[in-house]
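Remarks on the structure that follows.
Quick caveat: nothing in here was measured; it's all calculated off a predicted structure.
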Amino acid sequence: MNKILIEDITKIKCAGGVVISPDGKHAVFTVNEPDVKKNSYKYNLWLMDVKKGKASQFTFQGKDRSAIWDDSETLLIPTVRSEADTPDKIHKKSCFYRLSIKGGEACKAFEVNENVMQIFKVSDGLYAMTILRDRNWLDPDQVDKELCEEELDYHVIDELPLWGNGRGFVSGKRTGLFLYNETTEELKQLTDPYFDVRTVSVQDGKIAYTGACWHDIITRCAELNIYDTKTGETVQVVAPEQMKIGPMAFAGDSVIYLASDMKKWGSGQLSDIYRYDLASGKSEMVWKNDIEMSLGSNITTDTAMIGGKTYVARDGIFYITGLSHAKAEIYSFGKDDQLKKAVNMPGGGIVSFDVYGDTVVMTAQPENAATDIFTATLGEKPADELKQVTHINDELFKDKYIAKAEYIPFTDSDGVQIDGWILKPFGYDPEKKYPAVLEVHGGPRMAYGTGMMHEMQALASAGYFVFFCNPRGGESYGEAFADLRGKYGTVDFQDLMEFTDHVLKLFPQIDPARLAETGGSYGGFMSNWIVGHTDRFAAIASQRSIANWINDWGDSEIGVTFDANETGADPWTDMEKMWQQSPYKYANNAKTPILFIHSLQDYNCTINQGVEMFAAMKYFNVPSRMCLFEGENHSLSRSGKPKHRVRRLKEIFGWFEKYV
């Protein structure tokens with residue numbers, strides 16, 4: 001067997017974004033492939049015969065990220081296919097092409113002089129669109145282009161957040177809902193210029209949408225409205241500032257939506273299921289989420305770049321992914337108002353899917369494997385047999401050592417069971433001693449599972465034991481387990497250290513003097529916390545981290561909505577409480593060599609957080625190094641430029657090699 005290498009990250013293909021045709025005969029999905037030479041990615045559409053369970057590449061230009069069905073034999077593709085389609089810096093333009101699945105060239109359907117984010121077919125020639133606009137430049141056709149070009153050099157900020165991860169400066173920008181008539185070329189805005197749309201569903205000429213109209217500071221709450229394209233009337237289902245609303249879709253004679261009042265468990269509170277009856281106009285909670293499940297979520301991975309639907313309604317039934325005890329499966333919710341498992345996933349997890357009749361086409365990540373396309377047949381019992389359609393990475397991994405994720409749970413000192421796993425190193429010999437790496441997930445409301453993480457597999461191939469767990473604060477084990485508000489660095493740190501003790505006891509082959517730790521986002525917070533609270537690790541790699549809750553409150557794109565909820569305070573009500581939970585407070589205790597990795601356009605965990613910790617390490621003479629990436633954001637490890645993803649891993653591996 002050969003080792004999995006760092007450079008293999010530039011060869012892994014990802015599939016996703018499955019959409020089944022209106023007649024159920026075909027499905028289209030996207031496959032992306034790293035292009036190292038251009039330091040970017042190619043995106044092409046694949047076409048699948050659902051009945052035969054076979055798929056093949058359908059487009060080849062490398063520019064097609066997604067598609068919707070215009071009819072059962074025609075795709076509508078938002079894409080750039082010629083120089084004429086390319087907008088200038090000021091006037092955004094979105095071009096759409098039609099492509100027959102029977103073959104032939106793509107034909108230009110229409111273009112809109114706007115930045116279209118999503119498109120939904122309402123009826124022939126009529127489309128709902130979400131469009132990103134700057135409310136300071138409401139009419140693109142009336143903009144003074146010379147003035148706009150001048151204003152590209154500076155930014156005027158009058159609200160929070162001022163920036164967004166992967167989006168740049170967002171102050172003044174809103175994603176509005178529009179209706180486009182292809183015949184008349186009329187584009188009609190359905191929402192207020194200050195309204196920000198979050199989810200959209202279309203059925204029988206009606207458009208349901210969630211979002212919020214806000215000024216000065218973004219709100220966590222959302223409202224739910226239904227617009228009738230035939231009458232021009234709008235019905236409000238959920239009023240503003242009442243609930244946090246998540247997945248939503250038409251389901252026959254009703255609208256199903258997931259919502260939370262955030263009263264008991266804060267903004268991270270799990271959603272309950274509500275049903276709005278279209279005939280009576282009444283809305284009510286029909287399912288209370290009092291089980292250990294997060295709906296609409298999936299497991300953490302670095303081998304699933306392309307998203308897709310995590311919920312969909314078909315034939316009056318609402319389907320959604322459910323993450324429970326580190327397993328992401330599909331559940332159904334029907335007229336009996338009962339949540340039932342629809343598709344089993346024995347290991348790994350389901351990333352996204354679509355449904356037609358009794359057939360599910362999904363992107364799934366089997367145990368110890370990367371993503372591929374699978375199908376399953378629904379019935380009265382949960383579907384157990386997943387049929388694999390694609391094998392896009394088989395050639396890459398056929399002769400590679402893939403370490404099996406071995407389940408090693410334990411019960412912590414508070415009596416809470418913690419799920420954990422370990423990967424054994426390449427060429428494992430039980431008579432030898434090995435170094436080991438503790439990996440900590442982000443979130444913290446996220447979860448590890450048994451699907452492939454390239455980073456972990458590459459570490460195992462490099463000769464490390466790799467161990468990871470889901471400590472308290474993580475998703476998929478219930479509200480009390482996930483509630484870390486005001487407790488950062490306490491029970492979570494305790495679980496991680498006790499898990500490390502557990503691993504060392506189970507595997508005496510691990511040299512306790514050669515332990516390393518790494519994590520990103522919340523995992524980066526924990527890396528910064530660990531360096532100030534224990535010397536048991538020989539090296540640490542802190543990635544896209546938080547160090548100081550007090551400044552993060554004003555700097556991060558989610559500071560005003562996330563930080564106060566998580567720390568249980570703000571800088572004016574209880575600054576000391578925020579400081580007690582800040583790794584920066586304990587930086588003077590640090591002795592462990594620590595590497596910091598940050599992206600300059602990460603507006604989630606901003607650069608100053610890593611810089612503060614790095615400066616403290618230098619001040620206290622702790623061996624430290626910082627690696628900063630231009631043009632990257634919070635998702636560097638998952639979707640950064642191929643060469644940057646390689647360099648990031650080389651920095652981490654090099655740091656561990658030096659000190660571990």
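Exactly one of K263, K288, K264 qualifies for a salt bridge (charged side-chain N to carboxylate O under 4.0 Å, His left out) with D272. That residue is K288. For the side-chain hydrogen bond (donor to acceptor under 3.5 Å, both in side chains) with R472, the qualifying choice from D492, T490, D414, D483 is D414, the only one to do so. Only one option out of L323, L339, T321 pairs with M293 in a side chain to side chain contact (heavy atoms under 4.5 Å, CB included); it is L339.
Separating the CE atom in M362 from the CD1 atom in I350 is a distance of 5.0 Å, to the nearest 0.5 Å. The distance from the OG atom of S582 to the CD1 atom of I546 is 9.0 Å, given to the nearest 0.5 Å. Of the inter-residue distances, the one linking S260 atom OG with L270 atom CG reads 8.0 Å to the nearest 0.5 angstrom. To the nearest 0.5 Å, atoms CD1 (I392) and SG (C14) are separated by 6.5 Å. Here the CG-OG distance, from N298 to S476, works out to 11.5 Å after rounding to the nearest 0.5 Å. Distance CG/L459 to CG/L423: 9.0 Å, rounded to 0.5 Å.
Y319 and F353 have perpendicular rings, their planes meeting at more than 60° on a 0 to 90° scale where under 30° would count as parallel. By the 30° and 60° cut-offs, the orientation of the rings of Y488 relative to Y522 is perpendicular.
Using a 4.0 Å cut-off between charged nitrogen and carboxylate oxygen, D261 and K244 do not count as a salt-bridge pair. Using a cut-off of 4.0 Å between Lys/Arg side-chain N and Asp/Glu carboxylate O, K424 and E406 are scored as salt-bridged. Here E557 pairs with R167 in a salt bridge; the nearest charged N to carboxylate O distance falls below 4.0 Å. D354 and K309 are joined by a salt bridge, as a carboxylate oxygen and a charged side-chain nitrogen come within less than 4.0 angstrom of each other. Classification of D602 and R544 as a salt-bridged pair fails, no side-chain N sitting under 4.0 Å from a carboxylate O. Salt bridge annotation for D253-K335: present, with a cationic side-chain nitrogen under 4.0 angstrom from a carboxylate oxygen. E329 has no carboxylate O lying under 4.0 Å from a charged side-chain N of K340, or vice versa, which leaves the two without a salt bridge.
Judged by distance alone, the side chain of Q581 and the main-chain N or O of T567 form a donor-acceptor pair under 3.5 Å. T561 contributes a side-chain N or O that, together with a main-chain N or O of I558, makes up a donor-acceptor pair within less than 3.5 Å.
The nearest pair of heavy atoms linking S332 to I317 is CB-CG2, 3.9 Å. The shortest heavy-atom contact between A212 and A222 is CB-CA, 4.5 Å. For A55 against M48, the heavy-atom pair with the smallest separation is CB-CB, 3.8 Å. The two residues D574 and A569 make their nearest non-hydrogen contact at O-CB, 3.4 Å. The two residues S521 and H634 make their nearest non-hydrogen contact at OG-NE2, 3.0 Å. Shortest non-hydrogen contact noted between M446 and T300 is CE-OG1, 3.4 Å.
In this structure the side chain of V237 reaches within 4.5 angstrom of the side chain of I226, judged on heavy atoms. E475 is not listed as a side-chain neighbour of F481, based on a closest heavy-atom distance of 4.5 Å or more. Looking at heavy atoms from C-beta onward, V255 lies out of side-chain contact with R275 at the 4.5 angstrom threshold. E367 is not listed as a side-chain neighbour of P346, based on a closest heavy-atom distance of 4.5 Å or more. At least one side-chain heavy atom of I68 sits under 4.5 Å from a side-chain heavy atom of I119. For the pair M305/Y43, a side-chain contact is recorded, criterion being any heavy-atom separation below 4.5 Å from C-beta on. With contacts defined as side-chain heavy-atom distances shorter than 4.5 Å, the pair H533/I530 does not qualify. Side-chain contact between L295 and S271 is absent, with no heavy atoms from C-beta onward closer than 4.5 Å.
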For residues 373-386, tabulate all N or O donor-acceptor pairs below 3.5 Å that involve a side-chain atom, not counting sequence neighbours.
from, atom 1, to, atom 2, distance (Å)
D384, OD1, N344, ND2, 2.4

CA sep, side-chain torsions, deciding dist, call: S542, M526, side-chain contact (heavy atoms from CB on, under 4.5 Å) = CA-CA 8 Å; S542 172; M526 188 50 67; over 6 Å; no

Derivation of the side-chain hydrogen bond (donor to acceptor under 3.5 Å, both in side chains) call for E439 and T518:
CA-CA 5 Å; E439 291 258 5; T518 187; 5.2 Å; no

W553 vs D570, side-chain contact (heavy atoms from CB on, under 4.5 Å): CA-CA, chis, key distance, verdict
CA-CA 8 Å; W553 186 92; D570 62 40; 4.0 Å; yes

Could you go step by step and tell me if Q236 and E223 meet the side-chain hydrogen bond (donor to acceptor under 3.5 Å, both in side chains) rule?
CA-CA 8 Å; Q236 188 168 81; E223 57 188 88; 3.0 Å; yes

Please determine whether side-chain contact (heavy atoms from CB on, under 4.5 Å) holds for the pair V351 and T371, giving the CA-CA distance in whole Å, both sets of side-chain angles, and the decisive distance to 0.1 Å.
CA-CA 8 Å; V351 180; T371 56; 4.2 Å; yes

Inset, instruction - Start with the C-alpha gap between S254 and D277, add the side-chain angles, then the distance that decides, and say whether side-chain hydrogen bond (donor to acceptor under 3.5 Å, both in side chains) holds. - result: CA-CA 5 Å; S254 63; D277 185 85; over 6 Å; no

Full working for side-chain contact (heavy atoms from CB on, under 4.5 Å) between F467 and W421: CA-CA 6 Å; F467 59 105; W421 299 265; over 6 Å; no

Go through S527 and E517 one step at a time and tell me if the side-chain hydrogen bond (donor to acceptor under 3.5 Å, both in side chains) criterion holds.
CA-CA 7 Å; S527 298; E517 184 276 337; 2.9 Å; yes

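In this structure, R174 is positioned above the aromatic face of W214, its NZ or CZ under 6.0 Å from the six-membered ring centre and within 45° of the axis.
Taking the six-membered ring wherever Trp is involved, the centroid distance between the rings of Y257 and Y276 does not fall below 6.0 Å. Two rings, from H441 and F468, have their centers 6.0 Å or more apart. With ring centers used as reference points, H325 lies under 6.0 Å from Y477. In this structure, Y209 has its ring center no closer than 6.0 Å to that of Y227.
Judged purely by distance below 3.5 Å, without hydrogens or angles, the side chains of T219 and E241 pair a donor atom with an acceptor atom. No hydrogens or angles considered: nothing links the side chains of S352 and T310 as a donor-acceptor pair under 3.5 Å. Residues N565 and S267 have side chains that bring a donor and an acceptor to within less than 3.5 angstrom of each other. Under the 3.5 Å distance criterion, with hydrogens and angles disregarded, no donor-acceptor pair is assigned to the side chains of N633 and S599. Judged by distance alone, the side chains of E498 and S413 do bring a donor and an acceptor atom under 3.5 Å apart. Defined by atom type and a distance below 3.5 Å, a donor-acceptor pair is present between the side-chain atoms of T303 and Q365.
Within a 6.0 Å sphere centred on CZ of R485, heavy atoms belonging to other residues, nucleotides or ligands number more than 12.
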